[in-house]
Structure formats: C-alpha cells, structure tokens
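To keep things clear, I will list the structure first and then write my remarks on it.
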Amino acid sequence: MTINESIASVRKSFRADLDSFPSDLREVELLRSKYFGRKGLLAELYKQLADIPNKEKPKSGQAINALKIELKSEFDQKASLVSGDNQDEDEQSLDLSLPGFPITSGSIHPLQQTLDEIKSIFKSVGFKVAYGPEIEDDYHNFEALNFPKHHPARDMQDTFFVEEDVVLRTHTSNVQIHLMEEQEPPLRYIVPGRVYRNEAVSYKSYCLFHQIEGLFVDKNVSMADLKGILDYFVKRFFGEGIPMRFRPSFFPFTEPSAEVDIWDDKRGKWMEILGCGMVDPNVFDNVGYDSSIWHGYAFGMGIERMTMLKYGIDDIRLFYQNDIRFLEQF
Amino acid sequence: MRVSIPWLKTFVNIKQSTAELAETLTMLGLEADMPESASFSGIIVGKVLKADKHPNADRLSLCTVSDGSEEYQVVCGAPNVAADQLVPFAKVGAVLGDDFKIKKTKIRGEVSFGMICSERELGLSDEHEGIMVLNENAKIGSDFADYLSSNLDYLEIDLTPNRPDCMSHVGVAREISVKTGQKLKFTHAEKRHYKKNEVAEILSVNIEDKNLCPRYVAGVVKNITVGPSPDWMRNLLESADQRSINNIVDISNYVLLEMGHPTHIFDYNKVPSQTIGIRKAKKGESVTTLDEEKRTLADQLVITDGKKPIAIAGIMGGLDSAVMDTTSTVLIESAYFDPITIRRGAKSLGMSTEASKRFERGADPKGAEHAYWCVVELLEELAGGEWVPGIIDEYPKKISQNSIILTREKIDILSGCELSDTFVTDTLSHLEIDVKKDDKNKWTCIPPSFRPDLEREVDLIEECCRVYGYDKIHSSFHYGGLYDLAEVDPEDVLSIIANTVSGLGFRQCFLNSLTDEKTSGLMGNDSVAMKNPLSATLSHLRTSLFPGLLETVNYNIRNGNANVNLFEIGKEYNSGKEYSEVYHLTGAMHGEWINKSVHNDELQQSIHSLKGILEALFSRLNIYAVEFSKADHDHYDFGLNISLGKTVIGNFGKLKKEMLDDLDVDTDTIFGFDIELKSVTKEMGFVNKYIAIIPFPTVGRDMNFVLDQHIETGDVTKAMKNTNSKILISVKPVDIFQHESLGQNKKSVTFHLQFQSAVKTLEEAEINSAMNDITAIITKKFHAKLRD
C-alpha cells in the first residue's frame with residue numbers, strides 16, 4: 001500500500017466510525033485512542049513516512065498533518081455532543097460558585113481621597129504644594145493677613161489659644177505669609193492642612209477640619225484669572241455642567257473678595273464651597289512685596305465640605321467617628 | 001439681621017419677589033436668605049367660623065373652624081381669636097416641630113379636633129401671645145407652607161463685618177437702588193435752627209479722651225408722655241423682629257434700624273448733676289445695666305454723671321438712669337465711639353448688643369448728628385415732647401474720609417472685565433461717593449462717612465465689580481509662573497504609605513487631634529494645652545495617635561465589627577522648648593487576620609501577623625535596612641523596636657491591659673504599631689540601584705536541629721547567616737516540632753536553606769561542605785543536635 005492509499009484507508013475507516021459514533025463516554029475515549037492515541041492509526045501513518053523516499057517525505061508529511069487536523073476537528077465536534085457532562089472527575093467537584101478566599105481588604109479614608117484628588121487637579125496646572133505649622137503665632141495667622149487685633153473680622157473664626165499670641169491656626173492662610181516671606185514672586189502654590197475652630201461640635205461643624213489654600217502671585221493677575229482656575233477646578237472635581245456662581249463677600253486678606261457656590265440638586269439650593277479673592281495690598285505690604293507691581297489671587301476650601309457635597313454626606317462627624325460601616329464605602 | 005421688606009419699600013421701589021430680592025442682595029455681597037421653612041407638616045389654612053366662650057373656662061374659646069369642606073370644633077386659648085379670621089390650622093394628625101403630633105383631645109369637657117397655631121408653635125418667631133392671623137389672600141384649605149412662602153415679607157441677611165452701613169434699612173435700600181437703578185427715597189431729619197443754645201445751660205458734656213470718644217452729640221426734650229407707639233411704628237418694628245416697648249424706647253430702636261445709628265435716651269431728671277462725662281471706667285466701678293445685671297467694669301468706656309457711671313458707652317444703658325413710665329424730660333445721646341474700645345469692652349463683658357455691634361464695626365460719625373435730629377422730631381411727634389432749643393455737639397477729633405485716586409490701569413488689571421468710564425462714575429456716585437473724573441484715566445473719590453470700609457483703590461474696584469456683577473466676569477487662565485516644577489510635594493510619600501498600608505488590609509482613619517488632659521498624658525509627653533478649651537474632653541493636643549485609634553477599635557467592636565485593622569497617618573504635638581508637630585503612622589488590630597471559610601480555618605491576629613505586615617510594608621517601601629529587636633515599652637506587654645541603623649524609628653507589640661482599661665476599651669487583645677515617619681520618608685528618597693539577577697540555579701536544603709526550648713530561632717538563623725559561606729543566600733525556619741521523645745525542654749526546628757553561586761552552577765560537594773560548616777557552628781554554639 002502506498003502512503004496515499006494508507007491515508008485514504010484511514011479516512012474511510014474514520015468515516016465509518018463517525019457514522020456509528022458511540023454514545024458512551026468510555027467508548028468515545030476508546031475511539032479517540034484508536035485514531036489519535038500513541039499507537040493509533042495516525043501514529044502508524046507517521047511511522048510509514050520513514051519508509052518512503054526522502055524526496056517525497058515533505059509532501060506526504062503535509063498530507064498526514066492535514067488529515068490529522070481534519071479528523072480531529074470532526075471527532076471533537078461529535079465528541080462534544082455526546083454529553084454536556086464531559087469534564088473529568090476533578091472538574092466535576094470544582095464548585096465555582098463558592099466565595100473566594102477571605103482576603104482582608106483595607107481602605108483609604110474619604111478625606112484622604114478628596115485631598116489627593118484636589119492636589120492632583122491643581123498640580124496638573126502648575127501649582128506646587130507647601131505645608132505649614134498648625135500651632136502658629138498670632139502674626140502669621142491673623143495680623144499679617146490684615147486681621148488687626150480687636151477687629152470684628154476676628155469673630156469670623158473662633159480661635160483656640162495656646163498662649164496669648166499663639167493659636168491653633170484657623171485657616172491654612174498662615175502659609176501664604178510663610179511662603180511670601182521666604183520667596184520672591186511669582187509663585188503658585190496650594191497648601192493643604194488641618195485647621196481648628198473653637199465651635200461646638202454638631203452635624204455641620206467640627207472643632208477641626210482640613211483646608212486647601214491656593215495662592216498665585218504674578219504681574220497682571222485679575223479676577224477673571226481667579227474665576228478661570230476655580231471654574232476649571234469645579235469642573236474637574238464635581239463634573240462638567242454643575243452650575244457655579246461667584247458672589248461678592250469679605251475676607252480681610254483679599255480685596256475684592258468672593259465666595260463660590262455650586263448648585264445642589266438634592267437640597268435644591270446653592271451651597272457655598274469656597275472663599276477667594278484678590279490678595280489684599282496690605283498683605284503684600286506685610287511681606288514686603290510691591291503691591292503696585294504684583295497682584296495675586298488666593299482661595300481656600302474645606303476638604304470635608306467638598307467630600308460631603310460630592311458623596312451626599314450630611315454629618316461632618318462621620319469623618320472622625322471612623323465607623324467601618326462608613327469607611328468601607330469609600 | 002432681619003430686614004423688613006415693607007420698611008425697605010418706604011425707601012426704594014421694589015418690583016421683585018422676595019426670592020428675587022434675596023438673589024439680588026446676595027449677588028451684591030449681602031448674603032440674604034429666605035428663612036428656612038419651619039418644621040411642621042399637615043398645617044392648612046383654616047377659617048374661624050365661630051368663636052364662642054368655652055362653657056367651662058373663662059379664658060378658653062370654643063371655635064368652629066372650616067377647612068373649606070368640613071367643619072371642626074376646636075378649643076383655643078388665645079385671646080385674639082375671633083370669627084372670620086383666617087388662621088394656620090393643625091388638624092388631627094398634623095405634626096408640629098419634630099414630633100408633636102396633634103391628637104383629638106378633651107379640654108375642660110369639650111372635644112377639640114385640632115389646634116389653631118401661634119407663630120411660636122409653628123417655629124416662625126417667639127410670638128406666642130396669640131394665634132397667627134393670616135391676611136385675606138390666604139386660601140382656605142390650602143397648604144399653610146405655600147401661604148408662608150408667598151407672603152414672606154422679610155429676609156435674613158448674614159452681613160460681613162466690613163459693612164456696618166448695611167445694618168440698617170436705609171443701607172440695604174441704598175444697595176438695592178444702586179443695583180436696580182430705582183431712586184433712593186431718604187432724607188435725614190431736618191437740622192433745626194435756634195436763636196440761643198439753651199440746652200447748653202442745663203447740660204454740659206465732658207469728653208476725657210477724644211480718641212475714645214471722637215464725637216458726642218446731646219440734647220434735651222421736655223414734657224414728654226411715655227405711652228404706646230402708634231401702629232405704623234409698631235408694625236415696622238415688628239416686621240423687623242423688634243418688639244415694641246413704649247414710644248421712647250421704640251424711637252431709639254426705630255432710628256437704629258432705619259439709619260443704623262445707635263442712640264441712647266436717658267431720664268434727664270436722673271442725672272441731677274446736669275453733666276455727662278465720658279471716660280474709661282475705674283477699677284472696681286460697677287453699673288447695673290438695663291437688663292438688670294450688675295456689671296463690674298474694667299477698662300470699658302463709660303458715660304458718667306460727672307462722678308459715677310450711668311451707662312456703658314456704646315454697649316448698654318444703666319438701669320438707674322433709664323426712662324420709666326413717669327419720665328417727663330429726656331436726655332438724648334448720639335455719639336461716635338472708637339470701634340476698638342467698644343469691641344474690647346463688650347468682649348470683656350461677654351456682651352454683644354445691637355449698639356455695640358454697630359459701633360465696633362464703625363458707625364457713621366455724621367450719623368451722630370442726623371440721628372439726634374431724627375430722635376428730636378419723633379419725640380415731638382409721638383410723645384408730645386418739647387425740644388429745648390440747641391444741641392451739644394462735642395467733636396474734638398474730626399473723622400474725615402481721605403480722598404482716593406482710582407486709575408483706569410488698576411481697574412483693568414484687577415477686574416479682568418470691561419468696566420466703562422460711565423459705569424465707574426455712575427456706580428460710585430450712586431454709592432454716594434464723591435467722584436471727580438480728573439482726566440482720561442483717573443478719578444478722585446471721597447467716600448461717604450458711613451463707609452469706613454472704603455479706604456483704598458482696591459476697595460473702590462471691588463465696589464465697581466460687585467455692582468457690575470461677579471457673574472458677568474468671564475473666565476480666563478493666567479499662564480505666568482507656570483511649570484516651575486522643581487519642588488516635589490513633600491507629602492506625596494504620605495499618600496504612598498497610606499496606599500501601601502491599606503493594601504495590606506488596614507482601613508485609614510482620621511482622628512481628632514484634640515483630646516483630654518489625662519489621655520494626652522498617657523504616653524508620658526509634654527502636651528500642648530488650650531487656654532480656652534471647647535470642653536474638658538477637648539482641652540489638649542494629642543501626644544500619641546494610639547489613644548484615639550484604640551478608642552476607635554473599641555467603637556467598632558461595640559458596633560459589631562469583630563475584626564478591626566485600622567491605621568492613621570497624623571501628627572503628634574509636643575510642647576518643649578519649641579512646639580513640635582511630627583507625623584506618625586500608627587496602627588491597631590484586633591480579631592482575626594484571616595477569617596474562617598470553606599477553604600481554610602481562621603487565623604487570629606498575633607504579634608507575628610503584625611511583624612509580617614510590617615516586613616511587607618518596609619519591603620514595599622524599598623526600605624531593607626530596617627531591623628526589629630526586642631524592647632520594653634510601657635504600653636506593651638511585649639514588643640519590639642523598629643530601627644534603621646542606630647535610630648529607633650518605631651515600635652510594635654501587644655498593648656497593655658492597663659492602657660486599654662484607662663481608655664475604657666472592652667477587649668484586652670489589641671496589637672499596635674507606631675512609626676515616626678520623618679526617618680521613613682527620608683529613606684524613601686533614596687534610589688536603590690538595581691542588582692543583577694544571577695542566572696545560576698538555587699538549591700534548597702532543609703536542616704533540622706534539636707535545640708533547647710529557650711533558644712530563639714532568630715539567633716540560630718542569624719548565626720547561620722553569619723557563617724562565612726559565600727553560597728548561602730537565605731535561611732528561614734519552616735517548622736517547629738515539640739515532643740517528649742526529643743527530651744525535656746527541647747524543640748526541633750527545621751530550617752530551609754537556599755544556596756546559590758554568583759559565578760557557576762553549584763556542585764553537590766560544595767553544598768555539603770557548606771552544610772557541614774553550618775552544622776559544626778550551630779551544634780557548638782547552641783548545643784544543638786542535627787536530626788536526620
């Protein structure tokens with residue numbers, strides 16, 4: 001028998017077996033080894049290759065390969081129909097519906113997440129990040145920021161005193177003064193940090209919170225630039241399309257001053273998110289910047305407030321209670 | 001501050017709705033709010049059909065109230081209830097406040113099916129002397145909340161401290177007029193002429209320090225009759241939440257709320273010295289104020305009768321010199337006091353009055369005179385008084401407004417929007433600023449005396465911008481000073497650490513840095529104390545993150561979380577020579593590290609699970625030089641130090657029960673760690689150079705030694721590593737076996753050793769030789785026996 005005759009004979013025998021394909025799994029396996037096993041008919045064909053002239057070997061080899069592929073595909077197709085239950089014994093006992101191993105998972109506090117997000121938004125437009133002390137002298141926390149002693153503006157921030165002239169900072173704005181004392185303009189910074197207010201603890205106020213301050217000083221800085229950066233921030237943080245308004249206000253260290261509100265659909269009203277303004281010339285005078293040349297803007301926002309608005313949290317105390325049922329949601 | 005819309009309308013035309021007006025004022029910088037709708041539900045507008053006397057009680061009425069479809073019998077205790085009134089009616093089932101549910105009740109034998117409400121019951125005001133009567137626009141049966149919002153005739157304004165001028169209806173009306181272009185209809189009371197200054201003969205005023213009292217205006221009105229005020233005045237005052245007292249007191253309050261200037265009216269006959277002195281209080285002096293409190297004075301400014309204090313200047317009048325029903329002659333005071341003096345005085349007395357609030361923010365020095373004439377006019381008109389011709393106007397320190405140069409250049413730079421010359425000139429004039437356009441690019445401006453906040457060019461630019469409308473300013477982006485990014489964020493590393501620790505199964509906490517004195521002392525450091533603490537439990541800054549964290553573990557256990565792994569990255573505060581604020585990473589864990597499941601048994605937290613976590617943490621942070629060593633700590637039953645080189649940077653261990661008891665923590669098994677972060681973050685700054693991977697195979701071998709029980713595997717491991725073998729690359733204990741067959745107090749420890757050469761594939765003989773060396777050293781050093 002030539003090799004081609006052998007190939008034809010195997011094909012013919014396979015067709016016959018295919019016509020009477022067994023319905024029992026074990027017989028299917030027997031049939032599988034009859035053709036594809038180590039001593040099966042296809043293996044026999046490959047053995048015959050040894051006896052044919054070298055010149056013809058490649059062609060015959062290809063013919064056997066083609067046959068193998070043809071038979072295998074037809075066999076597999078038939079075999080798959082024999083039973084849906086064609087897994088081996090190990091696979092049968094594998095219950096994929098079981099829960100996975102109990103891996104303990106941790107979480108990042110929502111305030112940290114907000115802080116990181118806000119920092120990254122401002123870093124992406126060229127703001128550097130600076131920090132400063134929480135235990136601060138009266139000069140840096142108040143006086144240099146144009147809060148004179150015995151001025152009613154001091155009532156805007158109830159203060160913890162450590163000494164007569166040492167306070168727990170009431171805002172991160174103290175770092176504005178440190179930065180400007182240490183560096184020449186221009187500068188562009190954000191300043192995150194913990195601040196304190198001597199206010200009774202309730203759902204809407206806590207004795208401390210976190211702020212992010214922004215300060216930009218350069219030539220020809222305008223209200224429009226301030227509005228631009230805050231527009232950008234609000235869009236990045238709260239999403240496109242959230243209504244924002246910019247309204248006049250008062251802070252001793254900015255003039256003109258403004259507050260920014262965003263529209264809260266859930267509450268059906270404007271919610272204040274931050275205070276801002278153009279750096280007051282008195283502040284520049286206090287740090288020795290020439291206010292006829294340099295202008296700047298500053299803004300400050302509460303991280304708690306941002307987080308509350310973003311996630312619809314209505315009680316600031318939750319952040320400091322650290323109930324796992326709260327933490328695991330973030 | 002409450003502003004009455006009817007009162008505002010006497011000064012300016014207002015065509016807007018209350019809500020629109022609130023918006024206009026807010027966008028001008030006077031944050032105006034519609035009052036929060038009070039908490040009630042189910043209240044409707046009812047009509048009183050009949051109000052008869054209750055058969056069994058004189059003071060009660062038996063009413064019939066209709067809701068438009070049905071009629072209800074209601075018992076009412078208010079004196080002002082009458083037939084045909086439209087009233088807020090709470091039917092059975094309505095809720096007042098948080099949880100006061102209206103039920104059917106029997107009052108003195110008569111059944112009442114609901115309640116007619118007063119303003120106080122509805123949470124609208126303190127008015128509780130009678131029921132609230134609604135106007136004729138109220139629709140019977142409609143929701144009372146709808147009536148309220150459409151009939152609201154006042155606004156609450158949250159004023160910023162720079163605007164004392166707006167603590168008055170004229171001031172607020174002026175703002176409206178500037179924005180809407182409606183004319184401001186207000187003129188001051190007319191200044192009177194007199195032939196002879198008669199009042200100077202019966203009154204003298206003596207200012208001791210002109211810096212504390214720059215101006216003092218006074219005068220006398222005779223033959224007044226104290227009685228009720230006319231309705232128009234009562235209504236205006238009440239619409240601004242000011243209760244009417246009598247015509248004299250009302251006049252002073254009226255002038256205050258109308259034009260913002262505080263005045264005081266004394267009973268002239270109670271100042272028999274006919275002398276008014278203004279000076280600082282002397283030590284030990286006291287005065288009983290109108291609220292019948294005896295005030296001990298320190299350095300407040302006082303009004304005296306020449307000798308003793310009769311009032312606290314700018315804060316509150318004295319009781320002894322107050323107007324009474326029998327008063328016939330009054331002395332009018334209308335002054336301008338130094339803001340700082342008034343503020344310090346009021347603060348030290350713990351007082352804040354309508355007068356002090358205005359003086360400390362800066363009253364109008366010219367207003368002192370205007371207010372005087374206004375009071376005189378009203379005393380004549382409403383109290384039948386007879387003015388004693390003349391005025392005493394001591395004005396030793398003239399307060400004047402400086403002129404300000406406003407330039408086109410600065411307007412353009414700061415505003416970032418296009419404000420035309422006409423707009424600037426018109427706006428400033430509307431604000432009653434005296435404006436002169438000097439040349440093309442320059443204005444000279446003198447602000448009015450009631451605007452102490454306008455001192456500099458920027459202040460005027462703010463005025464222009466806010467009237468123009470901040471919302472009309474477009475957004476732009478300033479690219480200056482950008483991309484100087486040499487500095488990295490020094491606290492980025494803290495976020496990296498937080499992410500790493502949370503990746504190891506811990507939840508991050510944020511804890512209060514204020515604590516009580518005892519807790520702040522638990523860790524034995526000098527804490528920073530508040531001079532004015534919020535409460536005894538929040539009086540000191542924390543000196544350790546542990547207490548708060550342990551309390552939080554406890555809180556979570558109590559709330560049903562048996563397995564708790566928490567950490568915080570936060571500051572510890574110490575007072576020493578200098579105040580210090582140092583970042584720490586502190587963690588605490590309790591319960592199971594791995595929970596039981598179908599796949600595995602549970603695994604309790606232990607000192608070793610914690611050690612593994614810390615090893616993983618430092619490895620993830622690429623800090624390989626860290627070492628753990630046993631150390632005693634006051635707060636641990638047993639614990640270890642964490643060191644970098646010679647520096648101890650932290651510690652961990654099992655927390656002592658005593659400490660947990662001190663903090664009222666229920667459990668006694670909490671493991672904790674505490675790491676000072678500065679040394680860690682410094683180490684994170686170093687770049688570890690890459691070490692080439694060795695291509696030759698590693699060979700693993702186990703060695704099993706029988707050791708005395710007390711010998712620590714760590715020492716044996718270290719001794720193995722210290723043998724001179726160049727091919728031993730790692731040693732790890734993998735099994736510990738204890739059995740009496742080993743002998744008393746013995747244990748058998750299996751170590752897994754890995755061998756590898758950097759230059760070739762190892763041969764069996766080399767490994768055996770290294771193992772022989774190790775066996776020799778370990779058996780000798782630890783009296784150990786190699787087990788086969």
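Below, chain A is the first sequence line, B the second, and so on; all start at residue 1.
The two residues A:Y196 and B:S513 come nearest to each other via the heavy atoms OH-OG, 2.7 Å. The two atoms that bring A:A224 and B:G416 nearest to each other are CB-O, 3.7 Å, heavy atoms only. Of all the heavy atoms in B:E491 and A:Y131, the pair that sits closest is OE1-CE2, 3.1 Å. The two atoms that bring B:M27 and A:P248 nearest to each other are O-CD, 3.0 Å, heavy atoms only. Residues A:S257 and B:Y470 come closest through the heavy atom pair O-OH, 2.9 Å. Nearest heavy atom pair, residue B:P161 against residue A:A153, reads CG-CA, 3.9 Å.
Atoms CE and OG, on A:M223 and B:S476 in that order, are 11.5 Å from each other to the nearest 0.5 Å. Put simply, CD on A:Q321 and OG1 on B:T552 are 9.0 Å apart, with the number rounded to the nearest 0.5 Å. Atom CG of B:L538 and atom CG of A:L208 lie 9.0 Å apart (nearest 0.5 Å). Note that CD1 of A:I324 and CZ of B:R507 are 6.0 Å apart. Values are rounded to the nearest 0.5 Å. Expressed to the nearest 0.5 Å, how far CD of A:E304 lies from CZ of B:F510 amounts to 8.0 Å. Note that the CH2 atom of B:W593 and the OG1 atom of A:T104 stand 5.0 Å from one another [nearest 0.5 Å].
Looking only at distances, no side-chain donor or acceptor of A:H150 sits under 3.5 Å from a matching main-chain atom of B:P339. Here the side chain of B:S597 pairs no donor or acceptor atom with the backbone of A:F101 at under 3.5 angstrom. B:Q508 places a side-chain N or O within 3.5 Å of a backbone atom of A:H109 that can act as its donor or acceptor partner. At distances below 3.5 Å, at least one donor-acceptor pair connects side-chain atoms of B:N556 with backbone N or O atoms of A:N322. Of the possible polar contacts, one joining the B:N532 side chain to the A:T159 backbone as a donor-acceptor pair under 3.5 Å is found.
Between B:R466 and A:P256, every side-chain heavy-atom pair lies at or beyond the 4.5 Å cut-off. Side chains of A:H295 and B:K410 form a contact here, defined as non-hydrogen atoms less than 4.5 Å apart. Side-chain contact between B:N559 and A:R325: present, with at least one pair of heavy atoms (C-beta onward) separated by less than 4.5 Å. Using a 4.5 Å heavy-atom cutoff, the side chains of B:D492 and A:K123 are in contact. Here the side chains of A:F160 and B:L534 are in contact, with some heavy-atom distance below 4.5 Å.
Residue B:A498 touches chain A through both its backbone and its side chain, counting heavy-atom pairs closer than 4.5 Å. Within the 4.5 angstrom heavy-atom criterion, no atom of B:D453 approaches chain A. Heavy-atom distances place the backbone of B:F506, and not its side chain, under 4.5 Å from chain A. For B:E568, the part lying near chain A is the side chain, with the backbone staying farther off; criterion is any non-hydrogen pair under 4.5 Å. Using a 4.5 Å cut-off between heavy atoms, B:L30 does not touch chain A at all. For a residue to count as touching a neighbouring chain, one of its non-hydrogen atoms must lie under 4.5 Å from one of that chain's; by this rule B:N600 touches chain A with the side chain only. With a 4.5 angstrom heavy-atom cutoff, B:S575 does not touch chain A via any of its atoms. With a 4.5 angstrom heavy-atom cutoff, B:C417 does not touch chain A via any of its atoms. When heavy atoms are compared at a cutoff of 4.5 Å, B:N565 approaches chain A solely by way of its side chain, counted from C-beta outward.
The greatest number of non-hydrogen atom pairs below 4.5 Å with chain A, out of B:L28, B:L414, B:T160, is found for B:L414. Residue with the most contacts toward chain A among B:G548, B:G560, B:A529, B:S535: B:A529 (heavy-atom pairs, distance under 4.5 Å). In terms of heavy-atom pairs under 4.5 angstrom with chain B, the leader among A:S107, A:S249, A:S222, A:P102 is A:S107. Residue with the most contacts toward chain B among A:L226, A:L98, A:L168, A:V201: A:L168 (heavy-atom pairs, distance under 4.5 Å). Counting heavy-atom pairs closer than 4.5 Å to chain B, the top residue among A:N282, A:D323, A:D231 is A:D323. In terms of heavy-atom pairs under 4.5 angstrom with chain A, the leader among B:C509, B:G503, B:C465 is B:C509.
Under the 4.0 Å criterion applied to side-chain N and carboxylate O atoms, B:R361 and A:D155 are not assigned as salt-bridge partners. Note on B:E581 versus A:R194: no salt bridge recorded, every NZ/NE/NH1/NH2 to OD/OE distance being 4.0 Å or above.
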A:V162 vs B:M530, side chain to side chain contact (heavy atoms under 4.5 Å, CB included): CA-CA, chis, key distance, verdict: CA-CA 5 Å; A:V162 173; B:M530 300 303 109; 4.0 Å; yes
Chi angles and distances behind the side chain to side chain contact (heavy atoms under 4.5 Å, CB included) call for A:M278, B:E462: CA-CA 10 Å; A:M278 306 305 294; B:E462 180 178 61; over 6 Å; no
Working for side chain to side chain contact (heavy atoms under 4.5 Å, CB included), residues B:D471 and A:R245: CA-CA 7 Å; B:D471 262 10; A:R245 76 177 184 185; 4.0 Å; yes
Criterion side chain to side chain donor-acceptor pair (under 3.5 Å) on B:S475 and A:Y232, from CA distance to verdict: CA-CA 9 Å; B:S475 285; A:Y232 167 75; over 6 Å; no
Full working for side chain to side chain contact (heavy atoms under 4.5 Å, CB included) between A:R154 and B:R343: CA-CA 11 Å; A:R154 289 204 176 192; B:R343 178 177 162 80; 4.1 Å; yes
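When ring centroids are compared, B:H478 and A:Y297 stay outside the 6.0 Å threshold.
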